[in-house]
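By convention in this document, chain letters (A, B, ...) are assigned in the order of the sequence lines, proteins followed by strands, and residues within each chain are numbered from 1.
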Amino acid sequence: MNEQKPSIPEVFLKPHNPAEHEDALYDMWEKSGFFNPDVCIEKGVTASDAEPFSIVLPPPNVTGTLHMGHAAMLAIEDILVRYHRMRGHRTLWIPGTDSAAVATQAKVEKDLYKEEKKTRYDLGREELIKRIIAFSEESKDTIIGQTKKMGSSLDWSRYAYTLDDTRYHAVMTAFIRMYEAGLIYRGARIVNWDPNMQTTISDDEIEHVEKTDPFYYFKYGPFTIGTVRPETKFGDKYVVMHPDDVRYKEYTHGQKLEVEWINGPITATVIKDEAVDPEMGTGVMTITPWHSAVDFEIAERHGLSREQIIDERGILLPVAGEFAGQHIKKARAAIIEKMQAKGLIEKIDEKYVHNIATNSRGGGTIEPQIKEQWFVDVNKEFAMRHSEIPGVQEGNLVTLKTLMSKAVEGGGVSIFPERFNKTYYHWITNLRDWCISRQIWYGHRIPAWFKVNAEGRENALEHKVNAAGREGALGHKGSEVKVQIDSPGDGWVQDPDTLDTWFSSGLWSFSTLGWPEETADLKTYHPTTVLETGYDILFFWVARMILMSTFHLGQVPFKNVYLHGLVRDKQNRKMSKSLGNIINPLDMIEKYGADATRLSLVIGAAPGNDMPLSEDRVRGYKHFANKIWNISRFVLTHTIDTDLKTTPVCSARDNEILAKLRETSADVSNEIEKFNLYIAGEKAYHYVWSELADTILEESKPILNGNDAEAKRARQYVLIECLVTSLKLLHPFMPYVTETIWQELPKEMKDADILMVAKWPIH
RNA sequence: GUCCGGUUAGCUCAGCUGGUAGAGCGCUACAUUGACAUUGUAGAGGCCACAGGUUCAAGUCCUGUACCGGACACCA
């Protein structure tokens with residue numbers, strides 16, 4: 001009777017089926033505890049003094065679902081993380097989610113209106129927030145579950161949420177410290193007001209959209225002025241021209257003129273200011289300081305009075321006379337009609353193309369308004385208290401702007417690809433004070449308190465009530481303010497506003513590590529090694545993190561920034577619902593596996609460039625996963641019954657193969673170190689397919705089936721080396737299939753039970 | 001208007017510090033029950049946008065032109 005020969009694991013008798021293994025593997029990894037660097041140290045996988053490597057995951061919106069952009073981000077970061085973990089570094093990747101306050105509240109409000117025909121004012125602050133939290137909680141598991149599907153080796157024990165207690169504490173501390181340093185101030189300035197969402201937004205959240213409107217030329221005394229916005233013109237009593245404009249030299253600065261205007265005669269004052277472009281239109285304009293940033297600045301320079309014309313809902317105020325109470329959209333035609341009747345209109349250009357400011361977060365057309373708000377002063381000088389930032393010393397006089405520049409200039413932060421340095425500097429040059437207060441209810445409430453007067457009402461809170469009886473925006477003028485977390489006592493009321501989401505996001509690199517406590521994590525893992533994110537949030541987020549970290553810690557938030565591109569469809573169009581070209585990562589994972597999905601998002605995707613994706617690409621990489629599967633099957637079939645302990649004598653060709661293998665390992669490592677993941681992945685791919693499968697395996701067949709026992713033994717040894725090393729090299733890119741195979745390898749072939757923590761081939 | 005990219009095989013793209021072009025998918029022919037048809041072998045297909053320049057040598061560096069795209073911008 002024949003002796004039972006060892007045979008290859010049964011699982012290899014079928015083609016590779018990713019869906020069969022992925023969830024169980026993720027479970028196994030998670031349960032092993034190796035996502036957590038502390039466990040790696042405890043179990044002897046990582047040296048306790050090993051070099052740290054840390055990434056903080058850009059937190060996806062809690063209420064969102066995974067899209068290809070997230071998938072690309074997760075794939076890239078997980079590759080870096082798995083590589084460094086295998087290298088033996090103390091590797092930490094922190095997960096988190098973002099409340100995305102404006103977007104989340106807008107979504108809940110929209111549903112509320114759709115389902116119950118109610119607004120947030122009908123519900124009240126407390127109830128609305130309750131509903132938003134319920135909605136967020138409900139959605140949270142979805143995005144987390146989907147994140148795991150990608151194979152992301154995140155340390156879930158350190159999970160952070162932008163609104164949890166630790167982050168709340170960080171945000172409050174940051175606000176108070178910046179206020180105390182004089183870097184946060186409250187002031188009446190022109191802000192971007194969104195009449196739809198009833199909140200201010202920052203300059204960066206504005207999106208200019210091209211629009212065609214009629215352009216009107218009005219007779220304004222002896223002048224002709226042009227505008228697309230006649231409805232703002234009621235209060236225009238200053239007429240401005242360039243000081244050097246010879247056409248108007250007869251008029252002097254400060255001169256008064258009686259002019260007939262929309263609602264009767266007014267006294268106009270001539271102002272000479274260089275902001276006026278003589279080439280533009282007639283070279284003369286009237287100004288509306290309350291509703292235009294340029295006009296506001298002119299008014300500031302000359303100390304001119306300002307008057308609000310339009311309220312927070314877009315309704316005309318009493319200054320509009322007979323038009324008061326009308327919405328600007330409706331009033332425009334009537335105003336034009338009246339002006340026409342009065343003979344004030346000289347000309348109308350029907351098709352004038354111009355850019356209007358809109359809220360990129362799904363709101364409406366921005367109406368500039370002057371409002372009392374909180375701002376971060378980016379130009380105020382202060383002395384640096386502590387600095388680990390290259391190029392900045394303790395005691396140096398700096399501003400937040402200069403800190404942001406120097407963090408990059410001095411090499412503290414390196415941006416990949418490099419060309420984004422210019423984009424970054426360009427943004428800083430144009431940066432103005434950052435408006436951080438929002439009139440929405442969901443988010444971190446500003447830790448500021450105002451004194452209430454004897455009637456029990458905030459004396460300084462100027463409640464503007466519009467025609468609909470709603471509470472409009474609040475303005476707090478000249479009242480006593482205390483900035484602290486808890487109420488100063490009776491008679492104080494907290495500012496109703498919340499902070500811009502990006503204020504708390506700006507703290508993310510260190511708030512996730514426990515700041516303001518001086519935690520061990522903070523000491524070990526900050527500055528983080530890499531920030532990986534899309535180039536579209538370079539300003540929103542990357543710049544703000546640099547601002548916050550350099551100020552609060554005197555450290556850069558991260559040493560490297562890796563910017564990935566946008567995932568587009570195969571014709572290089574944006575993925576959008578209306579085009580119907582959205583490829584859902586979860587569908588791809590289900591059909592082709594997470595490994596194939598990851599590779600398709602990494603290979604050929606140079607940093608900073610948009611990446612086209614097609615289902616064909618994903619399918620192509622699934623074939624590759626199966627290739628590895630079959631290579632393993634082949635190698636195991638021909639080595640399973642051999643005694644692996646005997647030492648083989650290698651031929652020249654065997655040594656050549658091993659040399660090439662080492663060379664490939666070095667290449668792949670090198671490219672990962674340089675953040676050229678797309679090249680590293682491709683090199684590993686080509687080695688495995690063209691070299692190992694097509695060449696080495698083919699030429700090995702006669703040897704393995706031949707009679708030369710020594711040659712056969714040597715080749716078996718070589719093939720095992722090639723297989724084991726290939727699995728390791730590919731693991732960061734395709735963790736699932738490589739781990740599945742690894743789990744089936746005989747113990748003697750491997751140096752760790754779990755491939756995820758096996759030793760990288762190059763040390 | 002300012003700034004930044006791009007223009008390379010039918011499609012989508014890669015080509016680092018210069019030495020007569022690569023990948024994936026697609027296409028053509030042939031092969032194969034032998035790790036793998038989720039395969040193999042072979043092949044067709046490119047004046048590397050255009051014009052100058054530097055160089056022994058230029059998709060690769062410099063200048064300019066033409067298209068395409070993106071970011072930023074307070075233009076009434």
Side-chain angles (χ1 to χ4, degrees), chain A residues 8 12-17 190 192 203-204 206-208 215-218 225-229 232-233 236 239-241 275-277 279-288 292-298 352 354-355 357 368 417 419-427 429-432 535-536 538-539 565-566 568-572 592-593 596 599-600 603-606 608-638 670-671 674 676 678-679 682-683 685-686 689-690 693-694 697-698 700-701 704-705 719:
Chain A
I8 64 156
F12 287 112
L13 300 179
K14 295 179 297 182
H16 176 52
N17 177 13
I190 193 134
N192 309 304
D203 295 343
D204 300 280
I206 283 186
E207 194 179 355
H208 293 277
F215 190 87
Y216 306 98
Y217 289 92
F218 297 143
I225 57 157
T227 187
V228 272
R229 304 205 52 200
T232 64
K233 294 283 151 198
D236 287 12
V239 58
V240 192
M241 60 215 73
V276 180
D277 180 0
E279 306 291 312
M280 178 77 198
T282 57
V284 188
M285 64 190 229
T286 60
I287 56 168
T288 314
S292 151
V294 200
D295 297 3
F296 176 81
E297 276 164 28
I298 294 173
Y352 176 73
H354 65 136
N355 285 330
R419 70 182 139 92
F420 281 97
N421 279 325
K422 279 203 174 178
T423 315
Y424 176 77
Y425 294 135
H426 185 246
W427 178 79
T429 314
N430 292 321
L431 183 65
R432 295 188 286 172
Y535 64 76
D536 53 329
L538 179 63
F539 308 138
L566 270 38
R568 292 164 173 271
D569 77 356
K570 71 169 165 192
Q571 277 124 40
N572 219 349
Y592 308 109
L599 275 186
S600 71
I603 293 183
N609 289 351
D610 291 350
M611 40 193 144
L613 180 73
S614 62
E615 197 164 329
D616 281 346
R617 269 174 72 83
V618 188
R619 186 157 31 85
Y621 290 116
K622 187 192 174 186
H623 295 176
F624 179 58
N626 193 57
K627 193 76 185 173
I628 305 163
W629 190 254
N630 282 300
I631 290 168
S632 306
R633 174 175 166 182
F634 176 86
V635 173
L636 285 176
T637 308
H638 289 93
N670 200 15
E671 298 296 353
K674 289 193 291 188
N676 290 330
Y678 65 114
I679 296 174
E682 202 178 341
K683 282 192 169 164
Y685 175 96
H686 277 106
W689 202 313
S690 319
D694 294 350
L697 256 48
E698 288 307 323
S700 299
K701 286 177 183 172
L704 295 167
N705 298 323
L719 287 179

Residue list, side-chain hydrogen bond (donor to acceptor under 3.5 Å, both in side chains) with [X], at least two apart or on another chain:
{"X": "A:Ser292", "result": "A:Asp295"}
{"X": "A:Ser614", "result": "none"}
{"X": "A:Glu207", "result": "none"}
{"X": "A:Asp204", "result": "A:Trp427, A:Arg544"}

Identify the pairs formed between an N or O of the protein and an N or O of nucleotides 15-18 of chain B at a distance under 3.5 Å, and give each distance.
from	atom 1	to	atom 2	distance (Å)
B:G15	OP1	A:Tyr678	OH	2.8

Between [atom2] of [N] and [atom1] of [X], the distance in whole Å:
{"X": "A:Asp616", "N": "B:U38", "atom1": "CG", "atom2": "C1'", "value": "13 Å"}
{"X": "A:Glu615", "N": "B:U38", "atom1": "CD", "atom2": "C1'", "value": "14 Å"}
{"X": "A:Arg619", "N": "B:U38", "atom1": "CZ", "atom2": "P", "value": "11 Å"}
{"X": "A:Ile631", "N": "B:A35", "atom1": "CD1", "atom2": "P", "value": "13 Å"}

If I pick the [atom1] atom on [M] and the same atom on [N], what distance separates them, to the nearest angstrom?
{"N": "B:C67", "M": "B:A31", "atom1": "C1'", "value": "47 Å"}
{"N": "B:C36", "M": "B:U55", "atom1": "C1'", "value": "50 Å"}
{"N": "B:A9", "M": "B:A49", "atom1": "C1'", "value": "16 Å"}
{"N": "B:C48", "M": "B:G6", "atom1": "C1'", "value": "14 Å"}
{"N": "B:G15", "M": "B:A76", "atom1": "C1'", "value": "50 Å"}
{"N": "B:U39", "M": "B:U20", "atom1": "C1'", "value": "35 Å"}
{"N": "B:A66", "M": "B:C30", "atom1": "C1'", "value": "46 Å"}
{"N": "B:G59", "M": "B:G22", "atom1": "P", "value": "14 Å"}

Next on the checklist: I need the full list of salt bridge (Lys or Arg N to Asp or Glu O under 4.0 Å) pairs touching residues 621-637 of chain A, with sequence neighbours left out, sorted by first then second residue.
Outcome noted: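 For residues 621-637 of chain A, and leaving out neighbouring residues, there are no salt bridge (Lys or Arg N to Asp or Glu O under 4.0 Å) pairs at all.
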
Checklist entry - How would nucleotides 69-76 of chain B be written as a contact map, 5' to 3', with B for base contact, S for sugar-phosphate-only contact and - for no contact, using protein heavy atoms under 4.0 Å? => result --SSBBBB

Atom pairs under 3.5 Å, N or O on each side, protein against nucleotides 39-45 of chain B: can you list them with distances?
from	atom 1	to	atom 2	distance (Å)
B:U39	OP1	A:His623	ND1	3.2
B:U39	O3'	A:Lys627	NZ	3.3
B:G40	OP1	A:Lys627	NZ	3.3
B:G40	OP1	A:Trp689	NE1	2.5

Item to check | Phosphate contact (B:A35 OP1 or OP2) by A:Lys701 side-chain N/O below 4.0 Å | outcome: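 Checking A:Lys701 against B:A35: at least one side-chain N or O falls below 4.0 Å of OP1 or OP2.
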
Any strand counts, and the cut-off is 3.5 Å on both contacts for Watson-Crick or G-U wobble. Which nucleotide pairs with [N]?
{"N": "B:C30", "result": "B:G40"}
{"N": "B:U17", "result": "none"}
{"N": "B:A71", "result": "B:U2"}

Item to check | Residues in ring pair (Phe, Tyr, Trp, His ring centres under 6.0 Å) contact with A:Tyr535, at least two apart in sequence or another chain | outcome: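 Testing A:Tyr535 for ring pair (Phe, Tyr, Trp, His ring centres under 6.0 Å), a comparison that skips the adjacent residues, returns A:Phe420.
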
Item to check | Under the ring pair (Phe, Tyr, Trp, His ring centres under 6.0 Å) test, residues paired with A:Tyr424 that sit two or more places apart | outcome: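 Expected list: none.
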
Checklist entry - Nearest 0.5 Å, what's the CD1-NZ distance between A:Ile679 and A:Lys674? => result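 The CD1 atom of A:Ile679 sits 7.0 Å away from the NZ atom of A:Lys674.
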
Item to check | Listed partners of A:Lys701 passing salt bridge (charged side-chain N to carboxylate O under 4.0 Å, His left out), at least two apart | outcome: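 For A:Lys701, the residues satisfying salt bridge (charged side-chain N to carboxylate O under 4.0 Å, His left out) (neighbours in sequence not counted) are A:Glu698.
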
Checklist entry - Partners of A:Asp203 by salt bridge (charged side-chain N to carboxylate O under 4.0 Å, His left out), sequence neighbours excluded? => result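 For A:Asp203 the salt bridge (charged side-chain N to carboxylate O under 4.0 Å, His left out) partners, ignoring immediate neighbours, are A:Arg432.
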
Next on the checklist: For A:Arg419 and A:His638, find the nucleotide of RNA chain B closest to each by heavy atoms; which residue's nucleotide sits nearer the 5' end?
Outcome noted: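 Nearer the 5' end of the strand: A:Arg419.
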
